[in-house]
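This chain uses plain numbering: 1 for the first residue, then up along the sequence.
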Amino acid sequence: MRTALPIRLIAYARERVAPGGYLDARADAMLRRNASFLLQAPIDELARTASYQAWLEECRRIGRTPEYGSFDEQPEVLRQSNADQVRDIPAKLYALGYRLERLDDGASHERVEEFTPEEIEELAFLEHRRWCNERLRHGWIPGSPRDDVRRIHPDLVPYGELSEQSREYDRVAARTIIRILKQAGFAVVR
């Protein structure tokens with residue numbers, strides 16, 4: 001007998017429903033496999049302390065003045081975007097053939113301590129695709145210059161068309177995954 005899914009898992013599942021509005025067997029298996037992370041990890045806190053912080057550090061590294069001085073100064077839709085980035089980590093890892101486990105479970109010899117450059121690039125590609133889909137769902141359109149009020153963004157293009165600087169933001173998000181998971185008490189395993 002199946003138990004009812006909590007609201008957090010339902011929201012996660014809605015992002016991955018098959019045409020016709022149902023979870024196919026693969027999506028259902030992935031949802032259940034990642035349920036422990038989505039239920040136990042402090043998603044909002046990880047978005048604030050790891051995801052947003054990594055982006056802010058990259059802005060400072062390249063000399064860019066961030067549009068917002070802190071996580072809390074961002075509009076709600078952008079704060080939610082940081083949380084969605086964290087929430088999507090299990091799906092990205094699954095796409096690369098990895099899985100999650102609690103740090104206090106399992107054999108450490110299977111744990112991944114860092115991703116290869118090729119994996120970083122693939123994770124960056126997946127993050128950019130997630131970000132574009134999220135922005136488009138919220139009514140953003142491609143264009144320049146960036147205008148948050150009118151919801152116009154120059155990076156709403158395929159990953160291959162991004163500037164090297166814009167790709168680096170996605171790579172930073174990819175490199176941050178293992179740190180985010182450790183902070184939440186999880187590890188990436190083969």
Side-chain angles (χ1 to χ4, degrees), residues 8 11-12 15 34 36-96 98-103 111-138 140 146 148 153-189:
R8 233 169 141 179
Y12 178 80
E15 293 291 318
N34 298 323
S36 63
F37 174 74
L38 294 168
L39 289 172
Q40 297 171 22
I43 302 291
D44 293 333
E45 184 60 25
L46 293 169
R48 174 189 308 278
T49 62
S51 176
Y52 180 79
Q53 210 52 41
W55 175 81
L56 196 58
E57 289 167 13
E58 179 61 15
C59 285
R60 290 181 180 141
R61 187 188 73 75
I62 64 170
R64 173 181 169 191
T65 302
E67 291 81 4
Y68 307 98
S70 73
F71 179 85
D72 293 322
E73 289 177 23
Q74 296 181 102
E76 175 60 28
V77 70
L78 297 181
R79 289 192 306 266
Q80 191 58 46
S81 179
N82 292 125
D84 289 345
Q85 183 184 69
V86 173
R87 215 174 268 114
D88 194 55
I89 288 173
K92 288 185 193 82
L93 295 176
Y94 182 74
L96 267 60
Y98 292 126
R99 67 187 196 294
L100 293 176
E101 71 177 23
R102 298 276 321 156
L103 279 172
R111 290 196 179 136
V112 175
E113 295 301 323
E114 68 180 65
F115 297 115
T116 66
E118 294 80 16
E119 290 170 328
I120 292 292
E121 202 61 25
E122 182 64 22
L123 289 165
F125 169 82
L126 293 171
E127 172 52 26
H128 182 68
R129 188 173 66 184
R130 182 209 64 80
W131 178 85
C132 283
N133 288 336
E134 168 199 295
R135 288 297 192 273
L136 292 170
R137 267 194 330 272
H138 288 103
W140 289 69
R146 177 179 172 163
D148 288 0
H153 205 294
D155 287 346
L156 280 170
V157 296
Y159 186 75
E161 295 177 23
L162 288 173
S163 68
E164 188 59 28
Q165 181 180 343
S166 291
R167 284 186 211 179
E168 191 56 29
Y169 290 120
D170 292 320
R171 291 181 191 124
V172 166
R175 285 188 210 99
T176 308
I177 288 174
I178 291 175
R179 181 174 64 183
I180 289 171
L181 291 173
K182 281 184 180 177
Q183 191 174 335
F186 286 84
V188 178
V189 295

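- Inter-residue side-chain proximity for Phe186 and Arg102 is flagged as met; some heavy-atom pair is nearer than 4.5 Å.
- Residues satisfying the side chain to side chain contact (heavy atoms under 4.5 Å, CB included) criterion with Phe125, sequence neighbours excluded, are Glu122, Arg129, Tyr159.
- In this structure, Val112 and Leu93 have side chains that are not in contact, with every pair of non-hydrogen atoms separated by 4.5 Å or more.
- The OG1 atom of Thr65 sits 10.0 Å away from atom CZ of Arg60, with the distance rounded to the nearest 0.5 Å.
- The local environment of CD in Glu164 is crowded, with over 12 non-hydrogen atoms from other residues, nucleotides or ligands closer than 6.0 Å.
- When all heavy atoms of Leu126 and Ala95 are compared, the closest pair comes out as CD1-CB, 3.8 Å.
- For the pair Pro66 and Cys59, the tightest heavy-atom approach, listed with the atom from each and the gap, is CG-CB, 4.1 Å.
- By the ring-ring contact (aromatic ring centres under 6.0 Å, His included) test, Trp131 is found to be paired with His128, His153, residues two or more places apart in sequence or in another chain being considered.
- Taking Asn133 as the reference, nothing meets the side chain to side chain donor-acceptor pair (under 3.5 Å) condition, with sequence neighbours excluded.
- Residues meeting the salt bridge (Lys or Arg N to Asp or Glu O under 4.0 Å) test with Arg130, sequence neighbours left out: Glu127, Glu134.
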Item to check | From CA spacing to verdict: salt bridge (Lys or Arg N to Asp or Glu O under 4.0 Å), Lys92, Glu119 | outcome: CA-CA 10 Å; Lys92 288 185 193 82; Glu119 290 170 328; over 6 Å; no
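- Residues passing the side chain to side chain donor-acceptor pair (under 3.5 Å) test with Ser166, sequence neighbours excluded: Asp155, Ser163.
- To the nearest 0.5 Å, atoms CD1 (Ile89) and CG (Leu181) are separated by 5.0 Å.
- Side-chain atoms of Glu161 do not come within 3.5 Å of backbone N or O of Pro158 as any donor-acceptor pair.
- Atom CD1 of residue Ile177 and atom OG of residue Ser51 lie 10.0 Å apart, to the nearest 0.5 angstrom.
- For Glu168, the side chain to side chain donor-acceptor pair (under 3.5 Å) criterion is met by Arg171, Arg175, not counting sequence neighbours.
- Residues passing the side chain to side chain contact (heavy atoms under 4.5 Å, CB included) test with Gln183 are Leu46, Thr49, Ala50, sequence neighbours excluded.
- No salt bridge links Arg167 with Asp170; every basic N to acidic carboxylate O contact stays at or beyond 4.0 Å.
- Pairs engaging residues 66-88 under the ring pair (Phe, Tyr, Trp, His ring centres under 6.0 Å) rule: Tyr52-Phe71 [sequence neighbours left out].
- Legend: salt bridge (charged side-chain N to carboxylate O under 4.0 Å, His left out) pairs involving residues 65-82, not counting sequence neighbours, sorted by first then second residue: Arg48-Asp72, Arg64-Glu67, Glu67-Arg146, Glu76-Arg79.
- The distance from atom NE2 of His138 to atom CD of Gln80, rounded to the nearest 0.5 Å, is 7.5 Å.
- At a threshold of 4.5 Å between non-hydrogen side-chain atoms, the residues Arg87 and Asp84 count as touching.
- Formation of a donor-acceptor pair under 3.5 Å by the Ser81 side chain with backbone atoms of Val77 is not found in this model.
- The heavy-atom pair separating Leu56 from Gly69 by the smallest distance is CD2-O, 4.5 Å.
- The shortest distance between side-chain heavy atoms of Arg111 and Leu103 falls below 4.5 Å.
- For Glu58, the side chain to side chain donor-acceptor pair (under 3.5 Å) partners at least two apart in sequence or on another chain are Arg61.
- Taking the side chain as every heavy atom from C-beta outward, Leu162 and Tyr169 never approach each other to under 4.5 Å.
- Between atom CG of residue Asn82 and atom CD1 of residue Ile43 there is a gap of 12.0 Å, rounded to the nearest 0.5 Å.
- For the residue pair Pro42 and Ala184, the shortest heavy atom distance occurs at CD-CB, 4.3 Å.
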